[in-house]
Asks: 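Shown below is the structure under consideration.
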Amino acid sequence: MKGQFPLERFRNLPTPFYFYDMNLLRETLAELNTQSSDSNFHVHYAVKACANEAVLKCICEAGLGADCVSGGEIEAALKAGIPAQKIVYAGVGKTNREIELALKADIFCFNVESVPEMEVINELAALHQQKARIAIRVNPNVDAHTHHYITTGLNENKFGINLAQLPEVIDKALHASHIELIGLHFHIGSQITDMTAFQNLCVRINELQDELAKQGISLKHINVGGGLGINYEHPNHCPIADFEGYFKVFRKQLRLREGQQLHFELGRSIVAPCGSLICKVLYVKEGSEKKFVIVDAGMTDLIRPALYNAYHRVENLSSDAADEKYDVVGPICESSDVFVKDYFMPRTSRGDILALRSAGAYGEIMASRYNLRQLPGSYTSDSI
Ligand SMILES: *Cc1c(COP(=O)(O)O)cnc(C)c1O
């Protein structure tokens with residue numbers, strides 16, 4: 001499957017850079033739209049996964065909304081053409097400036113994470129003579145069984161309102177003068193490939209809705225967040241996430257009330273597979289026990305392996321020789337700046353071009369200038 005990369009073009013471009021396969025992105029979006037075509041389903045793309053302009057534009061063209069976690073993301077979503085009526089806004093630490101920006105744009109919904117935040121939104125909405133639509137982010141205490149750094153739906157996490165406190169918070173929202181409570185929001189974690197976690201979420205939401213119905217409360221919108229995982233091991237065999245299985249869970253297990261609208265916030269599953277980090281081999285260094293392939297990309301370009309031991313498949317695009325065993329490492333002055341260890345790859349030499357696959361989500365957007373490095377560039381299959 002090396003043919004999918006324009007290797008000869010890559011040789012003339014300054015490395016490292018992100019490369020987005022726009023055909024794969026469009027195929028992914030088409031499949032997503034097919035599987036979520038129910039008239040009451042609404043998908044908001046989680047902008048924090050990747051805010052690359054070309055990628056955002058393509059996602060906007062497919063008709064998706066946006067899930068934002070900062071004022072900057074709201075601005076990026078609007079700039080890409082995503083209408084404000086399709087923008088939801090979450091985050092535990094919204095600043096006054098960000099809340100006012102969202103009010104001014106008249107976004108669809110604030111996903112509110114605490115009572116003090118709700119009070120500030122109410123005050124600012126009053127100041128601007130507006131009514132803010134909000135959903136309360138509920139912490140459903142459902143274990144996503146994923147890496148603990150990317151688990152968000154347990155009581156120990158900082159996100160959302162605990163079930164025990166929910167009735168009181170709903171009551172406050174219903175009595176706030178410049179707030180319209182329109183829904184409930186959930187998000188249990190990321191890179192979830194075991195659908196039972198989403199089933200458990202549905203069960204919890206059903207219980208909660210029954211409880212609320214007893215109190216005469218029914219809200220128009222249920223937002224189940226994102227978190228669908230992808231197959232990092234086999235990017236060539238499984239290039240598109242299991243949207244069919246994912247949406248089926250909610251269609252089957254979630255008991256929606258009459259007219260209720262169901263919202264999703266998918267990030268990784270939409271953009272991870274289409275992105276690769278392309279880098280060049282600087283040196284092959286033979287240690288006493290190991291051979292190191294030192295590349296010109298590091299944890300500053302793609303932090304996931306250093307941050308949570310994440311795996312990205314590495315492909316040598318310019319060698320077909322027999323496999324040898326390498327550690328592929330970056331140039332940063334940190335021992336965690338390692339992409340893969342004891343990894344079998346065709347015999348590699350200085351100047352070879354490598355692709356770190358499935359890097360479209362939480363890749364480019366997390367790049368930093370640590371060591372005063374340049375930020376990685378980016379190209380798409382449309383522009384190259
Ligand atoms: C990060 C995030 C998402 C997207 O998660 P993915 O795992 O990328 O699908 C959705 N909703 C909220 C509130 C988030 O913070």
Side-chain angles (χ1 to χ4, degrees), residues 25 28-29 32 35-36 42-52 55-56 59 64-70 72-74 76-77 86-94 98 102 107-114 117 134-140 142 144-154 157-161 183-195 197-198 201 221-232 240-243 245-247 249-250 262-275 304 307-308 310 358-366:
L25 179 58
T28 302
L29 289 163
L32 171 73
Q35 299 302 339
S36 64
H42 310 272
V43 181
H44 307 265
Y45 166 64
V47 175
K48 77 171 187 285
C50 176
N52 180 282
V55 169
L56 269 186
I59 288 169
L64 273 65
D67 161 41
C68 302
V69 293
S70 73
E73 287 189 0
I74 294 173
K86 289 187 184 177
I87 295 180
V88 295
Y89 176 25
V92 292
K94 302 179 183 78
E98 290 175 308
I107 62 161
F108 168 60
C109 189
F110 290 83
N111 291 330
V112 169
E113 311 229 8
S114 68
E117 178 199 329
I134 71 157
I136 295 172
R137 176 165 182 177
V138 181
N139 185 333
V142 168
H145 294 292
T146 181
H147 193 287
H148 64 279
Y149 280 10
I150 51 178
T151 295
T152 56
L154 287 172
N157 297 122
K158 68 181 176 183
F159 301 100
I161 306 268
L184 297 175
H185 173 234
F186 307 82
H187 174 67
I188 56 174
S190 200
Q191 185 50 19
I192 299 166
T193 48
D194 179 356
M195 295 296 158
F198 295 119
L201 173 63
H221 300 275
I222 298 291
N223 183 335
V224 294
L228 176 62
I230 65 143
N231 189 330
Y232 281 96
I240 297 183
D242 182 15
F243 296 120
Y246 174 74
F247 288 109
V249 167
F250 294 97
L262 186 56
H263 299 257
F264 303 87
E265 302 170 337
L266 296 171
R268 183 194 310 271
S269 52
I270 297 174
V271 293
C274 74
R304 299 187 65 257
L307 189 59
Y308 21 69
S358 320
Y362 309 106
E364 184 183 4
I365 195 72
M366 281 192 170

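Numbering of ligands and ligand atoms starts at 1, following listing order.
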Asks: Compute the centroid of each ring, for F108 and then for H42, and state whether the two points are separated by less than 6.0 Å.
Replies: no
Asks: Under a strict 4.0 Å criterion on non-hydrogen atoms, which protein residues are in contact with ligand 1?
Replies: A46, K48, D67, R137, H185, H187, S190, G226, G227, E265, L266, G267, R268, Y362
Asks: Return the minimal non-hydrogen interatomic distance between A144 and G189, and the atom names on each side.
Replies: CB-CA, 4.3 Å
Asks: Under 3.5 Å, is there a donor-acceptor pair between the side chain of H44 and the main chain of E265?
Replies: no
Asks: Indicate yes or no for a side-chain donor-acceptor contact from Q191 to the backbone of I230 under 3.5 Å, with no hydrogens or angles considered.
Replies: yes
Asks: Donor-acceptor pair, N111 side chain versus R137 backbone, under 3.5 Å?
Replies: no
Asks: Can you list the residues that meet the salt bridge (Lys or Arg N to Asp or Glu O under 4.0 Å) rule with E117, with sequence neighbours excluded?
Replies: K94
